[in-house]
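What's counted below: heavy atoms across the whole structure, side chains too, no hydrogens, waters or symmetry copies. If you're wondering where the values come from, they're calculated on a predicted model, not measured in any experiment. Just so it is clear: chains get the letters A, B, ... in the order the sequence lines come, proteins before strands, and each one is counted from 1.
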2 protein chains.
Amino acid sequence: MKVLSKGCIYGLRALLYIVSEKPPAEYVSIREISEELDISFHFLTKTFQALTQKGILRSYRGPNGGVALAKAPEEVFLADIVLTLEGEDFFNKCLLGLAGCGEAAPCPVHDFWIGHKAELRVEFERTSLADMGKKINRKKLRLGP
Amino acid sequence: MKVLSKGCIYGLRALLYIVSEKPPAEYVSIREISEELDISFHFLTKTFQALTQKGILRSYRGPNGGVALAKAPEEVFLADIVLTLEGEDFFNKCLLGLAGCGEAAPCPVHDFWIGHKAELRVEFERTSLADMGKKINRKKLRLGP
DNA sequence: CATATTTAAGATAAAATAGTATTAAATCTT
DNA sequence: AAGATTTAATACTATTTTATCTTAAATATG
């Protein structure tokens, strides 16, 4: 059950690293994150671009530059990240991949699937980076291998 | 939120076609199904091979050959199909794709995700081909474009 | 034997992922 | 202020994975 793409997983893990390991508003170099989490530097850079354009991160070039959260971690939700990196239609896709699946022309598992997506959406919308960061520090959870 | 691979979606739609359109135990040619549902014939063939080897379908070569359900549609569950076509570890994957994620070394979203997977598993395990087939016929649902 | 059909292996195409090289911006040193 | 250094941004290329197509073989019917 692979739900998220590599790019999204990388972005998420990287944000969690920033929020759980670094003081707020400090620029963290992408190189450091990519080495720490064993993620392709350039791929991560691309992913971060999307997050920067969306206003979730801000970036700064030059020595001691890097990326930092653009908002308080309490105000960035899992849903924001996922919708940015997977596309805004993330929660609207048919389980059977049928294009126009909806109330008007549902697929055989539409009813069942729509409920599931809604539940997941609620959970994604109420889980913030701060929530996850706290949990990581409290329980010493891992972000990488 | 793309959860299933193309192969799995094709297999599922094809099985639903058989169960909802055809009398039980009649061999249906793969060519017919692929044309009816607009699916690549050879790709569907490969998918069906896996389902045949797993004992969900049986096949017959030669004129008037094809595939047919090997069991009663009441005894084939969504979970059987998905586990065959996506792999037995379908419900055991970490949302963040971390290899050894589990109770011993959980990722930051482990607790939350494990509950979701369990719910989905229950639903997949109690939904049979017969259930879905009836629904299709009752509500005239669609399987293809 | 001729034909229809699944089975199977291998080649090709497309998409996702990863890597290389270059450019641009900010800072630091002299 | 000039030039070197650090770092993100961008473009381009390569690799890997996934999906599709091509071809050939095996099996059944008549």
> Starting from the 5' end of DNA chain D, give me the residue, A:Lys46 or A:Lys2, whose nearest nucleotide shows up first.
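Whichever sits nearer the 5' end wins; that is A:Lys46.
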
> Distance under 4.0 Å to a non-hydrogen atom of chain B counts as contact; along DNA chain C, which nucleotides mark the start and end?
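From 5' to 3', the first and last contacting nucleotides are C:dA4 to C:dG10.
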
> Output all residues satisfying side chain to side chain donor-acceptor pair (under 3.5 Å) with A:Glu36, sequence neighbours left out; order by chain, then residue number.
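Not a single residue meets the side chain to side chain donor-acceptor pair (under 3.5 Å) criterion with A:Glu36.
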
> According to side chain to side chain donor-acceptor pair (under 3.5 Å), who are the partners of B:Tyr27, at least two apart in sequence or on a separate chain?
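Residues passing side chain to side chain donor-acceptor pair (under 3.5 Å) with B:Tyr27: B:Arg58.
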
> Which is more 5' along DNA chain C, the nucleotide nearest A:Pro63 or the one nearest A:His42? Just name the residue.
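Its nearest nucleotide lies further toward 5', so the answer is A:His42.
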
> Using a heavy-atom cut-off of 4.0 Å across all strands, would you classify A:Tyr10 as base, sugar-phosphate, or nothing?
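If one applies the 4.0 Å heavy-atom cut-off, A:Tyr10 turns out to touch the sugar-phosphate alone, with no base involved.
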
> Between A:Leu4 and A:Asn64, which residue's closest nucleotide on DNA chain C lies nearer the 5′ terminus?
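Closest to the 5' end, via its nearest nucleotide, is A:Leu4.
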
> Considering residues at least two apart in sequence or located in another chain, which fulfil the side chain to side chain donor-acceptor pair (under 3.5 Å) criterion with A:Arg142?
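For A:Arg142 there are no side chain to side chain donor-acceptor pair (under 3.5 Å) partners, ignoring immediate neighbours.
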
> What does the inter-axis angle of the helix from C:dC1-D:dG30 to C:dT30-D:dA1 come out as, five pairs per end, nearest 10 degrees?
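Taking the rotation axis at each end, their angle is 10°.
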
> Using 4.0 Å as the upper bound for N to carboxylate O, is an ion pair formed by A:Asp111 and B:Lys139?
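Salt bridge flag = yes for A:Asp111 with B:Lys139.
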
> Suppose the criterion is ring-ring contact (aromatic ring centres under 6.0 Å, His included): which pairs have a residue in residues 71-109 of chain B, not counting sequence neighbours?
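ring-ring contact (aromatic ring centres under 6.0 Å, His included) check on residues 71-109 of chain B returns B:Phe91-B:Phe124.
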
> Just jot down the ring pair (Phe, Tyr, Trp, His ring centres under 6.0 Å) partners of A:Tyr17, sequence neighbours excluded, or say none.
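Per chain and number, A:Tyr17 pairs via ring pair (Phe, Tyr, Trp, His ring centres under 6.0 Å) with no residue.
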
> Not counting sequence neighbours, which residues clear ring pair (Phe, Tyr, Trp, His ring centres under 6.0 Å) with B:Phe43? List them please.
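Counting only residues at least two positions away or on another chain, B:Phe43 forms a ring pair (Phe, Tyr, Trp, His ring centres under 6.0 Å) with B:Tyr10.
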
> Check this for me: does any side-chain nitrogen of one of A:Lys71 and A:Glu75 sit under 4.0 Å from a carboxylate oxygen of the other?
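Salt bridge between A:Lys71 and A:Glu75, a charged N being under 4.0 Å from a carboxylate O: no.
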
> So what does B:Ser29 touch, heavy atoms closer than 4.0 Å: a base, only the sugar-phosphate, or nothing?
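Since only primed, P, OP1 and OP2 atoms lie under 4.0 Å of B:Ser29, the category is sugar-phosphate.
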
> Residues two or more places apart in sequence or in another chain: which of them pass ring pair (Phe, Tyr, Trp, His ring centres under 6.0 Å) with B:Phe48?
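Ring pair (Phe, Tyr, Trp, His ring centres under 6.0 Å) check on B:Phe48 returns nothing, list empty.
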
> List the residues meeting side chain to side chain donor-acceptor pair (under 3.5 Å) with A:Thr84, not counting sequence neighbours, and say none if there are none.
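With neighbours one apart ignored, the set is A:Lys54.
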
> So, A:Ser5 and A:Glu86: side-chain donor and acceptor under 3.5 Å apart, yes or no?
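Yes, side-chain donor-acceptor contact under 3.5 Å.
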
> So which atom in A:Pro73 and which in A:Ser128 form the shortest heavy-atom distance, rounded to 0.1 Å?
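A:Pro73 and A:Ser128 have their closest heavy atoms at O-CB, 3.6 Å.
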
> Which residues in residues 47-62 of chain A have at least one heavy atom lying under 4.0 Å from any atom of DNA chain C?
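Heavy-atom cutoff 4.0 Å gives A:Tyr60, A:Arg61, A:Gly62.
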
> Check every nucleotide of DNA chain D for an atom under 4.0 Å from a heavy-atom of chain B, then give the first and the last such nucleotide from 5' to 3'.
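Terminal contacting nucleotides, 5' to 3': D:dA19 to D:dT29.
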
> Considering non-hydrogen atoms only, spot the tightest contact between A:Met1 and B:Leu120 and give its length.
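Closest approach of A:Met1 to B:Leu120, heavy atoms only: CE-CD2, 3.2 Å.
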
